[in-house]
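Structure first, commentary second.
Everything numeric here is computed off the predicted structure, so don't read it as measured data. Lettering of chains follows the sequences in order, A, B, ..., and the numbering in each one begins at 1.
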Amino acid sequence: MERHLSEQEIIRRENLNKIIEMGINPFPNETFEISHSAKEIIENFKEGSEDFGSVQLAGRLMSQRVMGKASFAEIQDSSGRIQIYVNRDEICPGENKTLYNQIFKKNLDLGDIIGIKGHVFITQTGTISIHVKALVLLSKSVKPLPVVKTDAEGKVHDGVSDPEFKYRQRYVDLTVNPEVRSTFIKRTKMINAMRKFMTDRGYLEVETPILQSIYGGAAARPFKTHHNALDTAFYLRIANELYLKRLIVGGFDGVFEFAKDFRNEGMSRFHNPEFTMMELYVAYKDYNWMMDLMEEMIEYVAQEIHGTTKVKVGDNIISFKRPWKRFTMFEAIEHYTGIDISNMDEAELRTTAKSLKIHVDDTMGKGKLIDEIFGEQCEHHLIQPTFITDYPVEMSPLAKKHRTKEGLVERFEVICNAKEICNAFTELNDPIDQRKRFEDQLELGKRGDEEAMQLDEDYLRALEYGMPPTAGIGIGIDRLAMIMTNAESIQDVLFFPQMKPEKNKD
RNA sequence: GAUCGCUUAGCUCAGCUGGUAGAGCAACGCCCUUUUAAGGCGUGGGUCCUGGGUUCGAGCCCCAGAGCGAUCACCA
């Protein structure tokens with residue numbers, strides 16, 4: 001098949017061929033030993049010290065300033081960039097100057113991956129650099145990378161900013177925009193910190209099925225697939241809640257999983273069809289205990305990532321320092337609207353919602369109305385992490401009824417930067433009540449609610465054997481990562497966000 | 001799903017009331033040769049997202065479509 005190549009791509013292929021003709025393998029197999037990273041050298045080199053007398057490092061050639069028999073260039077490794085100084089007669093000590101005159105000056109291109117050996121010194125202008133004694137090509141780049149330069153005022157020129165380019169070709173985005181790399185490193189640090197926090201407390205990290213014949217644990221439309229050998233429909237999980245609780249039935253005191261979940265719904269700045277949720281279930285605890293744990297864990301996570309509990313997000317500074325504010329849902333609504341809805345019936349709630357200019361329709365029940373009022377009137381005010389507790393029972397078919405408050409369940413969410421970042425309950429462990437809640441969901445399903453839960457007989461069977469009182473939580477890892485990295489879109493915290501398939505232009 | 005916006009060189013972007021395509025960086029060549037976004041001179045590079053239409057003439061106007069984005073709806 002004919003491929004259209006740009007002028008620059010053709011030139012690079014010609015350079016590749018010239019290198020091959022000179023008997024050099026542009027894609028060698030051998031290990032290249034690396035003694036230091038660019039960052040280590042820049043952070044630790046002291047003028048006049050004998051340290052770094054001999055270093056080897058490898059990376060991409062990112063700029064090249066050739067001046068006859070001496071040149072400066074920059075290489076970028078996984079830690080950052082460092083300047084190198086290449087002198088013709090030092091890398092070509094004999095009569096043959098081909099390596100410098102031909103290969104280094106002509107046939108190497110920006111983006112090529114090279115290995116160098118030399119010693120560290122400081123130039124007249126005060127830049128820590130590597131004086132190169134030997135240079136080897138490790139991999140040729142035949143497609144030009146966008147060249148990003150930062151000028152003296154710190155202004156960035158020609159950074160790749162087209163979102164489609166960034167997300168489809170994340171490998172280029174990562175190479176060219178250093179802050180993208182640091183976002184993803186923070187994401188991993190965050191997950192590692194959470195894992196350590198929970199493992200240190202003795203909770204067991206587990207894996208549960210992604211292909212489920214009955215999907216459950218959340219209200220959402222699933223992706224459906226088919227197993228050929230069994231000739232059976234399967235769903236990609238929308239949550240793993242019911243499986244983790246089966247493990248609590250089985251006798252584990254604490255289990256957690258970082259789970260990829262899948263929901264067949266709209267995409268937005270805050271929604272990707274596949275996303276990561278961390279769910280944790282701990283036996284013999286309730287939601288009050290879980291609130292304390294959540295605060296402690298996230299405060300710890302912020303400290304691990306940023307070295308402080310204060311995190312800048314957009315124009316706000318968010319403080320994760322304990323304790324966080326706690327509101328019941330009714331208190332929050334009264335606080336932001338001045339209206340006490342705690343004793344209202346459905347008709348009064350509907351009137352109240354209308355008076356607040358909230359779009360209502362006849363299918364909305366009590367729980368939905370309360371949720372809408374909260375969502376419209378309160379959520380956007382909640383920038384600092386805030387616990388919202390005690391939700392209407394209709395919205396929470398897996399949560400235990402409140403110990404004292406009629407019509408409510410023991411549930412909390414944390415709202416932070418105006419978005420929900422977790423959802424937790426005192427888990428419903430009464431199999432009789434759970435069956436009734438599932439049946440109510442089936443009714444909703446019959447009335448056309450596509451997100452109503454399915455009745456899971458096996459889960460009920462597990463509860464019938466007896467599940468200890470349990471507290472459970474699900475934390476939206478992508479949402480939390482957005483806050484911890486000051487990202488505006490979920491796509492910025494996913495290496496490969498979901499996109500429509502690229503059309504083949506050839 | 002609805003509305004609005006964007007799509008021009010490898011990258012970032014200009015392009016007027018419709019007159020046949022521009023800059024910076026990158027590339028190529030020469031000069032300079034310890035530079036700091038190195039500099040100077042020169043050269044090449046375009047399916048102006050795609051397909052139709054209007055027009056003597058379309059990057060620009062009209063229609064249809066694609067991709068991306070924003071807002072809304074949906075998503076507790």
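- With a 3.5 Å ceiling on both atom-pair distances, B:U47 lacks any Watson-Crick or G-U wobble partner.
- Put simply, CD on A:Gln124 is 8 Å from P on B:U34, counting in whole angstrom units.
- If you measure from atom CG of A:Leu5 to atom P of B:A9, you get 17 Å, rounded to the nearest angstrom.
- With distances taken from any side-chain atom of A:Ala219 to the nucleotides B:U35, B:C75, B:A76, the minimum falls on B:A76.
- Among the heavy atoms of the strands, none lies under 4.0 Å from A:Arg12.
- Comparing B:A76, B:C11, B:A27 by their nearest atom to the side chain of A:Asp371 picks out B:A76.
- Computed from coordinates, the A:Lys500 NZ to B:U7 P distance equals 19 Å when rounded to whole Å.
- For the OP1/OP2 pair of B:G69 and a distance below 4.0 Å, the side-chain nitrogens and oxygens of A:Gln491 include at least one atom meeting the criterion.
- Taking atom CZ on A:Arg168 and atom P on B:U7, their separation rounds to 18 Å, with Å as the unit.
- Set against B:C11, B:C28, B:G10, the side chain of A:Ile11 has B:C28 as its closest nucleotide.
- Looking at heavy-atom distances under 4.0 Å, A:Phe165 makes contact with sugar-phosphate atoms alone, never a base.
- As the counterpart of B:A37, no nucleotide is assigned, since no Watson-Crick or G-U wobble pattern has both distances under 3.5 Å.
- Checking B:U20 for Watson-Crick or G-U wobble geometry (two distances, each under 3.5 Å) identifies no partner in any strand.
- Using a 4.0 Å heavy-atom cutoff across all strands shown, A:Arg411 reaches at least one base atom of the nucleic acid.
- Side-chain atoms of A:Asp89 and A:Tyr100 form no donor-acceptor pair, as typed in the model, at a separation below 3.5 Å.
- Across all strands shown, B:G5 forms a Watson-Crick or G-U wobble pair, both distances under 3.5 Å, with B:C68.
- In the set B:G44, B:C13, B:C28, the nucleotide with an atom closest to the side chain of A:Glu7 is B:G44.
- Under the 4.0 Å criterion applied to side-chain N and carboxylate O atoms, A:Lys18 and A:Glu21 are not assigned as salt-bridge partners.
- Closest contact between the side chain of A:Ser6 and the listed nucleotides B:G10, B:U34, B:A26 involves B:G10.
- Computed from coordinates, the A:Glu9 CD to B:A26 P distance equals 18 Å when rounded to whole Å.
- To the nearest whole angstrom, the two P atoms, one in B:A64 and one in B:A21, are 29 Å apart.
- Here B:C28 is the nucleotide among B:A76, B:C28, B:U35 with the atom lying nearest to any side-chain atom of A:Asp109.
- Candidate nucleotides B:C25, B:C28, B:G69 were compared by shortest atom distance to the side chain of A:Val147, and B:C25 ranks first.
- To the nearest angstrom, P of B:A9 lies 11 Å from CG of A:Asp162.
- Heavy atoms of A:Ser161 sit under 4.0 angstrom from primed sugar atoms or phosphate atoms, though from no base atom.
- A:Asp390 and A:Tyr287 share a donor-acceptor pair across their side chains, judged by distance under 3.5 Å alone.
- A:Lys400 and A:Glu410 are not joined by a salt bridge, as no carboxylate oxygen comes within less than 4.0 angstrom of a charged side-chain nitrogen.
- Comparing B:U34 with B:U47, their P atoms are spaced 41 Å from each other, to the whole Å.
- Atom-to-atom, CD of A:Glu413 to P of B:A76 comes out at 11 Å; the value is rounded to the nearest Å.
- The side chain of A:Arg65 sits closest to B:A38 out of B:A38, B:U71, B:C11.
- With B:A26, B:A38, B:G69 as the choices, the nucleotide that has an atom nearest any side-chain atom of A:Tyr167 turns out to be B:G69.
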